[in-house]
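Please read the structure below before turning to the comments.
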Amino acid sequence: MRALRTPVGAVGATLLAVVLLLAVLAPVLFGDRAAAVDTDQLLAGPSAEHWVGTDNLGRDLFMRVLVATRLSIVLALLATAIAVSVGLVLGSLPWLLGPRLGRPVTALVNILVAFPGLLLVLCLATVFGVGARGAVLAIGFAGAPTFARLCQTLIAGVASRDYVAAAQIAGLSRLRILLRHVLPNVAEPLVVNATIGAGGALLAFAGLSFLGLGVQAPAYDWGRLMQDGLAGIYVHPLAALAPGIAVVVAGLAFNLTGEAIAGALGVTPVVGPRAWSVPGRSARSTASAPAADTVLDVRDLAVAFPGPSAPVTPVRGVSLSLRAGEAVGIVGESGSGKSLTALAVAQLVEEPGRVTGEITFCGTDLNDGNRHDDLLGTSLAVVFQDPMTSLNPTMRVGRQLAEVSRFHQGLGWRDALARAVDRLRAVHLRDPERAAHAYPFELSGGMRQRAMIAMGLMGTPRLIIADEPTTALDVTVQKQVLTLLEDVRREHGTALLLISHDVSVIGEVCGRVLVMYAGRIVEEIAAADLRDGARHPYTRALVAAVPSMTTALDEPLTTIPGQPVDPAALPPGCAYAARCPLATDQCRSEDPALVDGVACWRAGEPLPAELEKQVRV
Amino acid sequence: MAAEAPTASRPRLGLGLGGRWTRFTVRRGGRLLVSLFVLVTAAFLMIHLVPGDPVRAALGTTAPADLVEARRHELGLDDPLLTQYLNYLGGLFRGDLGESIQTQLPVGETIGRRLGATVSLGLLAFALALLIAVPLGVAVAVATRRGRRQRTSLGFASGSVVIGSIPDFLIGVVLVAVFAVGLGWLPVAGREDGAASYVLPVLALAIGPAAVLARIVRVEMTSVLESDHVRTARAKRLPARRIHLVHALPNAVTATLTLGGMLLASMVAGTVLVENVFAWPGLGSKIVESIVTKDYPVVQGTVLVYGVIVLVVNTLVDVALTLLDPRSTIGEA
């Protein structure tokens, strides 16, 4: 169990083991001593003989606290079991039964949840008289609606996701979808809450017995002992506090263990000891001094994250330069570091990520340790991949746009909103007033992406960084969004840095293309030369993988063999060597620098496949 | 959205009070009425679920038969069930909650005298819990996101779990032992000393829920801070405070409020325990006393009042959720 290796998990599991062991053994081992009456020591304070003192019959309170473990734990677990099972069933029913039949169940749960456990318990105590059995049932059933409501909320959240819809369309039964797709995705919060529930049931029982409505004498649990001790609290506070401490410790045991399990179930990466040193590898840039109308100039950019032993550098030694009105594309497979390069340029890499190198934007050094919020807020626009998740779901679109002008251009809300509507019109949204007044979920994907671009146009952007702006959109909308970006660039002389895995998208929009592999630029090439002028074997493989009108339909589509390199385990030589048909020993031992726009020892040499073709011709 | 179209000639901010709200009010109001109906019916039936004769149980086996019969008649227990039910409903509409079997005082009057003490205690405690939990949870989430400040993170996690695991009545006992008995700063019990007498009960009631809520706020905020739209907000270079409070917090509020509502409801019940520790003259001490003396009409009335308080709380939570998260009404419909 990985969960138990964390400090929290270890403490929780140890406590829980002790508590459970006591629950099993204490009545057997200490039962007699806990029941032994000592008339010489009535209501005595703590002594060497009686650590916590004695009760009104002279019975040892420490022993009684230990012995009470079993009853307290068993009753709490029984109640929790009832609460969770009844809750899970009730919570799943609305979804299983569908909207029509599920509605009464939802309504019932919502009404039931109105009664806090203690209140329901008090009612039942009234009806059935007081006692342990009634209390178990009451606490269990009283806890069920809370769990049902939680399950319902969680299930509703998961059920609206795409993969559930896909499974439904695929014809899977609702029960099967629930078990296979929905419940595993809500397991984590359920486990956390069930554990907190067990702790809660323990406390509820203590409370009931404390009020005299739960466990009845001669049986005793911790709450009962607390009640007995409360009478003498001002003389002998330990008599009430000792069972109280037991309740807290046992409650903690459940909570901490649950917390640790939740942590282990989640995908939170374990951050190891941090090894910070500036990454040693960096390819020297051969680019010359920036031209006068340069909007962005990046030198030797590296991004590093702490790894288990040494820092991992998914971006290493990237240099690039954009002039006003220029469109440059960065292309590469996922994991090539292209998106991270974009984030680093936009100053959006967060700790523990470290960005090194020089980034000069509109003549300002961004890495000088100052914040450049107004410059970046108005002159740099970023368009992200998924416009659904990239807009704040709880804020009207207009206000999200207006913020930019409100905070960076000193406009009042009214003027800022007017500008937002104007900008929404500029990206050709029909009925921009209405779009401004809408929440993101009320717009289509294409409209949202236009709104994102309009957000970038609130200022006067010198540079738009678009990270896979069309990947999440359908094909017809893709074209419109690309055209829009193109229009903006022409009209305002804005530079465009377009990140995409799609060579054809890049070729359509950009003049110049940077090809990234394993965190480095391996080739820099004019878009027009992509098809026939590419020299790096990786670029050529990317281009070959794009199907065209002449691609033979009966042949399988070309793919690049092998896997992209793991940035945590870079080879000493060229990172592409393992997948490259031209690789030699030199490739495998020495990393080629970017010279004349290509980083390859065998740049431009014919590939085996091409040789074959030539032979055939 | 159709209902909003005509007004959309000028962009509007703040609360759109269009069709969405009409639908919400109708639906939520309907649910409130149904809940009230169920609650009232359950409270009515409770007295009939007591095995045997409730009046005999209340007055004891030694009470003379004619007295029992007289009380039965006064309570209307010899009428047909439906008649009793209609009489009960009629009484409720007139604000009549019945009479105590033990004291023969009107239940409504007894509750009225004690309600203020309980409600003020609960509200102050909830306000205090929120005031502690939300800023603390947000601050810790911001300070510890992405694995920063691991020690703060561990300290907060263990501290909040420990404090959240201490029952409110135990906190009450400890507070009394330290601040009332030990230091003598504050009154031990009762409500006669004005503001000073509120300090310990409110603290006892608020501390535990505050810890639990702070943990939830922290967990929710931590995940929201990693979301794409917060990255967008950072890309807009908004001030950190605005990113955290305007962009992140409302998106963390659904779970927080859902749980906060449950916590508030459980705090209403928690007053029962805390009132018994502090001899607080509220509904909580009355209901336990009435259960012990089997004064069923008083228990019935008190449960009804507690239930109504909880229903009002839940309704307010739903209204707040709808105000803060526009998707919630759509998702529900």
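Letters go in sequence order (proteins before strands), and every chain restarts at 1.
Contacts of Arg231(B) classified as side chain to side chain donor-acceptor pair (under 3.5 Å), with partners at least two apart in sequence or in another chain: none. For Glu350(A), the salt bridge (charged side-chain N to carboxylate O under 4.0 Å, His left out) partners at least two apart in sequence or on another chain are Arg145(B), Arg146(B), Arg148(B), Arg234(B).
Of the residues considered (Leu348(A), Val248(A), Leu241(A), Leu150(A)), Leu348(A) shows the highest number of contacts with chain B, using heavy-atom pairs under 4.5 Å. Counting heavy-atom pairs closer than 4.5 Å to chain A, the top-ranked of the candidates Ala248(B), Pro239(B), Ala157(B) is Pro239(B). Of the listed residues (Leu238(B), Asn276(B), Val268(B)), the one with the most heavy-atom contacts under 4.5 Å to chain A is Leu238(B). Heavy-atom pairs under 4.5 Å with chain B were tallied for Leu211(A), Ile465(A), Val247(A), Val382(A); the largest tally goes to Leu211(A).
There is no contact between Met458(A) and chain B, counting heavy-atom distances below 4.5 Å. In this structure, chain B has no heavy atom under 4.5 Å from any part of His372(A). Using a 4.5 Å cut-off between heavy atoms, Leu154(B) touches chain A through its side chain atoms alone. Looking at Ile287(B), only its side chain comes within 4.5 Å of chain A, counting heavy atoms on both sides. Interface remark: Ala156(A) contributes no atoms to any contact with chain B (heavy atom separation under 4.5 Å). Contact of Val162(B) with chain A is made through backbone and side chain together, with heavy-atom distances under 4.5 Å. Looking at Val212(B), neither its backbone nor its side chain comes within 4.5 Å of chain A, counting heavy atoms on both sides.
Met226(A) places a side-chain heavy atom less than 4.5 Å from the side chain of Phe169(B). Counting only heavy atoms from C-beta outward, the side chains of Phe210(A) and Leu273(B) approach each other to under 4.5 Å. Proximity of His247(B) to Glu403(A): side-chain heavy atoms (C-beta onward) are separated by under 4.5 Å at one or more points. A 4.5 Å side-chain heavy-atom check between Arg237(B) and Leu380(A) finds at least one atom pair inside the cut-off. Taking 4.5 Å as the limit, every side-chain heavy atom of Asn392(A) sits out of range of all side-chain heavy atoms of Val230(B). Residues Val272(B) and Leu122(A) are in side-chain contact: their nearest non-hydrogen atoms beyond the backbone lie under 4.5 Å apart. Between Val299(B) and Cys123(A), the closest side-chain pair of non-hydrogen atoms is not below 4.5 Å.
Put simply, CG on Leu203(A) and CG on Asp168(B) are 8.5 Å apart, with the number rounded to the nearest 0.5 Å.
Not a single donor-acceptor pair under 3.5 Å links the side chain of Ser390(A) to the backbone N or O of Thr232(B).
Defined by atom type and a distance below 3.5 Å, a donor-acceptor pair is missing between the side-chain atoms of Gln400(A) and His229(B).
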